[in-house]
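First up is the structure itself, then whatever we jot down about it.
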Amino acid sequence: MDNFEYRVYLKSLSRQFPTIADAATEIINLQAILSLPKGTEHFLTDIHGESEQFNHVLKNGSGSVKRKIDEEFGNTLSARDKRSLATLIYYPQEKLELVMQAEEDQEALEDWFKITIHRLVQMTKRVSSKYTRSKVRKALPKDFSYVIEELITEKEEIQDKELYYNEIINTIIRIGRAPECIVALCNLIQRLVIDHLHIVGDIYDRGKGPHIIMDTLSQYHSVDIQWGNHDIVWMGAASGQTACIATVLRISARYGNLDTLEEGYGINLIPLATFAMKAYENTDCSAFSIKYGEDYDEKDLALDMKMHKAIAVIQFKLEGQLIMSHPEFDMEDRLLLDKINYETKTIRIGGKEYAMKDTDFPTVDPADPYRLTEEEAQVVDRLRHGFVHCEKLQRHVRFLFAKGSLYKVFNSNLLYHGCVPLDGDGNFEKVNIYGQICSGKKLYDVLETYARKGYYSQDREERRKGRDIIWYIWAGPKSPVFGKDKMATFERYFLEDKETHKEVKNAYYRLNDDEEILNRIIREFGLDEHRSHIINGHVPVELKKGETPIKCGGKLLIIDGGFSRAYQGKTGIAGYTLVANSHGMNLVAHKPFVSAEAAIRDETDMVSDTILVETAARRILVADTDIGRELKESIAHLERLLGAYRDGTLIEKGI
């Protein structure tokens, strides 16, 4: 900005800091913050609706809580006591109930309260040590803010400190507030152990609890989200894009999760159920089996299979309409309903005939296969109304738009779900987005702009184009969050030949251990190739086959190892997460999760192995982070303001 604009800016800044003393105090405060250790970042990806496992990993900070317990207590506590303390911090209310039920002697229970509160206060002091007192104060629970601040603050002026602190704790116990105080301390420790959370895509689909996860994230103190393909399709459904709505319903039916829509989001599925029972009453639905879990009610199986088939056929019709109306998507090979020969029960794909397991499609007109029947169109309209007017879903999707993006640059790391599309030679793939040729970072930016228009634009045509792009991001062959040549949903349902099921991954996945290519990607997003990492979700790391999540000496970290139960047999573990703190970066592998109940009862955890990715040459400070750069800019402006007061350019106010 020019000198005049800067003077206007300083004048505006002077309203916030009206005196030399105010400006000087803020400079001193910000300069001090720069010298604090950076906060711990926690990276999770591919959660796929597994709410219990997600909540456990969130509570334990991927082992961060246990590490802090070890640092604080060393050998002064037994392994069993450390386990008990960790479980209490993760699940304070539930663990307290067990302790209070088991301990009949009141005096013994009070002793346990006293010991436990002392230990939790020690833990709180440790986890709060890297923050300013102001930041800790803002995190304190309202009911116990004064008490906790007294307990964790050193009182140099008090001679008998032990007596002072013991008296506070004894009073808490005597007046019957120990359980509430313990819960408050545990929640505060969880809050302070992790400074910022990154979700690198795929909150939705497969598991039953995406709505629970979204409620949790909406209340989390500091979070960003990189949209995964399964998030995008739900965002498209919430925007009213009918192919996305059909896809969300089909996947929910396939995994026995229609309850998520009906009970979790309150979306009325009776129109689809009624239609499916009538239209598919005497239809073979054996190809539409349900992949259900232990808590699935099998009395719903026959109806769910009919609904599964009905919505799949609707999906294929709606997708066909989209593909024909958007030749620039270059997806004509996905037009398959018109390639079926009903007499021979075969289909022609890529010049070759394949036998079909099922050609019993009562709603498909071979002469016009992509046209919805009148009944199907009515069902789609009613379902669209249900999604668009679902307050809870809309709230969750607005949160995804507010806190999310297709990629994120944060503290010298590049975060995205999927891939940066590359051609066979390793060059950025060129993609036609409504006549605009895009690649690399520009592709992400243009796709994201259209996605936001698809949800928010007031212009009907722009909104329609944006909604259709959301569907392309979900399933397009050159979409960064999909990254395959096709989505072989049709083939997996109807064709025995496994060759047709193959989805060829983008060249990125073949070339992502090539340092030159990774450096090119890092530079494309404006980062320094010598100190930056790419943190990547989407493709499960098959540990059982010897695959590694660490590529190119740690330059690329793929942190999806099977959070979803549907993948765990394939991967051999229950997911990777990443922790980046002031000392470096650690990749954490997790054991399969049984249940929160078992974790509380047996005091078990999920962390199975921690892999050191990188150790910082010196401790990383706030000054080295993105926030640090912002604080340095603020200090520079405040020093200019100080100078303006001192040379008379601006006059102090309120003196």
Side-chain angles (χ1 to χ4, degrees), residues 41-62 90-91 94 187 190-191 194 196-238 248 251-252 255-267 293 295 387 390-405 408 415 417 474 481 537-538 540 559-568 574-578 588 590 592-597 599 606:
E41 296 171 59
H42 193 194
F43 301 78
L44 283 73
T45 182
D46 295 270
I47 301 156
H48 285 301
E50 298 288 353
S51 55
E52 270 205 332
Q53 181 170 329
F54 164 77
N55 281 325
H56 186 82
V57 172
L58 201 64
K59 288 171 182 293
N60 74 8
S62 287
Y90 307 156
Y91 302 101
E94 297 87 344
N187 289 335
Q190 284 186 42
R191 160 68 180 81
I194 300 299
H196 187 79
L197 175 66
H198 305 280
I199 305 293
V200 195
D202 278 0
I203 295 162
Y204 282 89
D205 289 332
R206 297 195 173 91
K208 289 183 175 296
H211 55 297
I212 299 169
I213 294 166
M214 287 301 301
D215 280 340
T216 302
L217 290 175
S218 298
Q219 299 301 314
Y220 203 76
H221 57 272
S222 183
V223 61
D224 60 62
I225 300 164
Q226 291 69 62
W227 306 326
N229 52 325
H230 288 273
D231 307 318
I232 278 287
V233 75
W234 279 74
M235 292 160 72
V248 163
I251 294 172
S252 297
Y255 288 92
N257 288 338
L258 290 173
D259 285 352
T260 298
L261 289 163
E262 290 186 294
E263 297 173 16
Y265 281 113
I267 293 173
D295 55 349
F387 274 78
C390 174
E391 188 279 329
K392 187 172 187 177
L393 178 61
Q394 295 300 325
R395 174 163 43 85
H396 285 170
V397 168
R398 286 195 299 271
F399 181 80
L400 286 172
F401 275 109
K403 296 291 184 180
S405 52
K408 179 81 172 175
L415 287 63
H417 186 91
W474 153 250
V481 301
H538 186 50
I559 55 167
D560 176 11
F563 228 68
S564 170
R565 295 178 195 275
Y567 290 139
Q568 287 173 14
Y576 286 103
T577 55
L578 184 70
V588 182
H590 296 274
F593 188 62
V594 178
S595 68
E597 183 184 354
M606 287 175 58

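Since this is a predicted model, take the numbers as computed values, not measurements.
Residues Val397 and Trp234 approach most closely at CG2-O, 4.2 Å, considering heavy atoms. Ser595 and Glu52 make their closest contact through CA-OE1, 3.5 Å (heavy atoms, listed as atom of the first residue, atom of the second, distance). In terms of heavy-atom proximity, His396 sits nearest to Ser218 at CD2-OG, 4.4 Å. The shortest heavy-atom contact between Gly537 and Val200 is N-CG1, 4.0 Å. In plain terms, the two heavy atoms of Ser62 and Thr577 that are nearest each other are OG-OG1, 2.5 Å. For the pair Ile232 and Trp474, the tightest heavy-atom approach, listed with the atom from each and the gap, is CG2-N, 3.9 Å.
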Audit row: Asp46, His230, side chain to side chain donor-acceptor pair (under 3.5 Å) steps and yes/no: CA-CA 9 Å; Asp46 295 270; His230 288 273; over 6 Å; no

Stepwise side-chain contact (heavy atoms from CB on, under 4.5 Å) check, Val57 with Val588: CA-CA 11 Å; Val57 172; Val588 182; over 6 Å; no

Check against side-chain contact (heavy atoms from CB on, under 4.5 Å), Phe593 and Glu50: CA-CA 10 Å; Phe593 188 62; Glu50 298 288 353; over 6 Å; no

side-chain contact (heavy atoms from CB on, under 4.5 Å) between Phe54 and Thr216, worked out: CA-CA 10 Å; Phe54 164 77; Thr216 302; 4.0 Å; yes

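The line from CG of Asn55 to OH of Tyr91 is 7.0 Å long, rounded to the nearest 0.5 Å. How far CG of Leu578 is from CG of Leu415: 9.0 Å, rounded to the nearest 0.5 Å. A distance of 12.0 Å separates CD1 of Ile251 from OG1 of Thr260, quoted to the nearest 0.5 Å. Here CG of Asp205 is found 6.0 Å from OG of Ser252. Values are rounded to the nearest 0.5 Å. One distance of note links CZ of Arg191 with CG of Asn187; it measures 12.0 Å at 0.5 Å rounding. Annotation: the span from Phe401 atom CZ to Asp231 atom CG amounts to 11.0 Å, rounded to 0.5 Å.
Proximity of a side-chain donor or acceptor of His221 to a complementary backbone N or O of Ile194 within less than 3.5 Å is detected. Distance alone, capped at 3.5 Å, places no donor-acceptor pair between the Asp202 side chain and the His48 backbone. A distance-only check finds a donor-acceptor pair linking the side chain of Gln394 to the backbone of Phe387 [under 3.5 Å]. The backbone N or O of Gly256 lies less than 3.5 Å from a partner atom in the side chain of Lys208, making a donor-acceptor pair. Judged by distance alone, with hydrogens and angles left aside, the side-chain atoms of Asp259 form no donor-acceptor pair with the main-chain N or O of Gly264 at under 3.5 Å.
Side-chain contact between Asp215 and Lys392 is present, with at least one heavy-atom pair separated by less than 4.5 Å. For the pair Val223 and His42, the minimum side-chain heavy-atom distance is 4.5 Å or more.
For His198 and Phe43, the ring centers sit closer than 6.0 Å to each other.
Checking His211, Met214, Met235 one by one against Tyr204, the side chain to side chain contact (heavy atoms under 4.5 Å, CB included) holds for a single residue, Met214. No option in His417, Gln226, His538 other than His417 meets the side chain to side chain contact (heavy atoms under 4.5 Å, CB included) test with Thr45.
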